[in-house]
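Only one structure is covered here, and it is reproduced in the block below.
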There are 2 protein chains.
Amino acid sequence: MHRDSEFDPQDFLPYLLNQAAETLSLEFQRHYRGQYGMLRTEWRVLFHLGCYGEMTAKDICVRARLHKTKVSRAVAALQTRRFLTRRELERDRRHAVLQLTALGQKVFADLSRAAHAFDLKARAAMTPDEAEILHRCLIRIAGFETAQRTG
Amino acid sequence: MHRDSEFDPQDFLPYLLNQAAETLSLEFQRHYRGQYGMLRTEWRVLFHLGCYGEMTAKDICVRARLHKTKVSRAVAALQTRRFLTRRELERDRRHAVLQLTALGQKVFADLSRAAHAFDLKARAAMTPDEAEILHRCLIRIAGFETAQRTG
DNA sequence: GCTTGTTAGTTACATTCACAACCAATAGTT
DNA sequence: AACTATTGGTTGTGAATGTAACTAACAAGC
């Protein structure tokens, strides 16, 4: 029935990673999408602003590895919802520093809590050793090694 | 400068998984996209047909966890490129069994080889133990545990 | 036969995305 | 000052996606 199996899709790392990522992402979606009607990119931008404090759109592009158009649109959406404000710099009016409003911070706090709980639940399916190795491998694959942490 | 760090995006499993998956997927894209102008979904459909032999669109939906509309469109695209043929069943004309053409099989063989090499290269960045644990964890997260293997 | 329900697959439409072109502000060169 | 390059960010357009509505084939009950 089937060809000599060169190898199984499940053994192909990009495929397996995508399935795993999709599974968790779809599950967590219900928090930011269901509760706040946010898109994935918007949640990411909010998440980064909440975690790292105020920064420019460009900073978010680099940190979150998002294309500037996606960030631009996500920021616009978050702004109309009063989740963040933009403040232009006088020394260089091309930059606009983004900052969560009180409302945005409340939403971030809520989602951050949910995210943390979600993370713990996910890790509960493995031993601490496994969780640590998984984390290490993913960091390496994503290329987060030395970069990112320094900001 | 930044808020009390509840936790870092890099510690949030869905995010980290997505970044890792995106990194590898984008890298491998150049094979099926660069060489054959295929889309991700098309590559997946081809991959599944090549690995498991002829099957219906529905089967692919279940195995590859793709929505039927995506499969429908991918199949149409692969068909116009003469990568596969569809054969209706007389006993139930709703079903159409899909099957790679000789050309499709050649493309599959090529991409399959590339995929295997890619996979080896990716795993070379870890120890065998790490690779095995990573695989195990991802299978578990993706929910491939008992399902999928049985066909 | 005729209705109702289910399943395999396609089509239509509205949203989202990728990519390129664009604009405005700054920096560098002459 | 004028000319070009670069950078931060936005906008416009076609391609890709998600969701729902749809068609066609079968199945079951009457």
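Below, chain A is the first sequence line, B the second, and so on; all start at residue 1. No experiment lies behind these values; they were computed from the predicted model shown.
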Rounded to whole Å, CG of Leu66(A) lies from P of dG9(D) at a distance of 14 Å
Could you give the CD-to-C1' distance, from Gln29(B) to dC19(C), as a whole number of Å? 13 Å
Side chain of Asp92(B) - closest among dA25(D), dA8(C), dG18(D): dA25(D)
Please confirm whether the ring centroid of His48(A) lies under 6.0 Å from the ring centroid of Phe108(A). no
Can you tell me how far C1' of dA8(C) sits from CG of Leu98(B), to the nearest Å? 11 Å
Identify, between Thr41(A) and Arg93(A), the residue whose nearest nucleotide on DNA chain C lies closer to the 5' end. Thr41(A)
When all nucleic acid strands are considered with a 4.0 Å heavy-atom cut-off, which category describes Arg86(A): base, sugar-phosphate, or nothing? sugar-phosphate
Could you work out which one of dT7(D), dC17(C), dT6(C) sits closest to the side chain of Arg94(A)? dT7(D)
Nearest to the Leu39(A) side chain among dT16(C), dT17(D), dA8(C), which nucleotide is it? dT16(C)
For the ring pair Tyr36(B) and Trp43(B), is the centre-to-centre distance below 6.0 Å? no
What contact category does Thr69(B) fall into here, base, sugar-phosphate, or nothing, at under 4.0 angstrom with non-hydrogen atoms? base
Assign Ala96(A) to base, sugar-phosphate, or nothing according to its heavy-atom contacts below 4.0 angstrom with the strands shown. sugar-phosphate
For Leu89(B) and dA8(C), what is the distance between atoms CG and C1' respectively, to the nearest whole Å? 11 Å
Does a side-chain N or O from Ser72(B) land closer than 4.0 Å to OP1 or OP2 of dT10(C), or not? yes
On DNA chain D, more 5' by nearest nucleotide between Arg33(A) and Val97(A) is Val97(A)
Indicate, with yes or no, if the rings of His135(B) and Phe144(B) have centres closer together than 6.0 Å. no
Please report, rounded to the nearest Å, how far the P atom of dA15(D) is from the CD atom of Glu42(B). 14 Å
Salt bridge Arg123(A)-Asp119(A), side-chain N to carboxylate O under 4.0 Å: yes
Starting the side chain at C-beta, find the nucleotide from dA18(C), dA25(C), dT11(C) nearest to Arg73(B). dT11(C)
For the pair made of NE2 in His95(A) and P in dA25(C), what is the distance, rounded to whole Å? 14 Å
I want to verify a distance call: between dC19(C), dG9(D), dT11(C), whose nearest atom is closest to the Ala57(A) side chain? dG9(D)
Check the distance between dA18(C)'s C1' and Arg40(B)'s CZ and give it to me in whole angstrom. 13 Å
Let me know the distance between CD1 of Ile60(A) and P of dG9(D), rounded to the nearest Å. 9 Å
Just checking, any donor-acceptor pair under 3.5 angstrom between side chains of Tyr52(B) and Asp59(B)? no
Identify which nucleotide among dT13(D), dG8(D), dA25(C) has an atom closest to any side-chain atom of Lys58(A), counting heavy atoms from C-beta outward. dG8(D)
Regarding Lys68(A), tell me which of base, sugar-phosphate or nothing describes its non-hydrogen contacts under 4.0 Å with the strands shown. base
Taking the six-membered ring of Tyr32(B), is NZ or CZ of Arg40(B) closer than 6.0 Å to its centre and within 45° of its axis? no
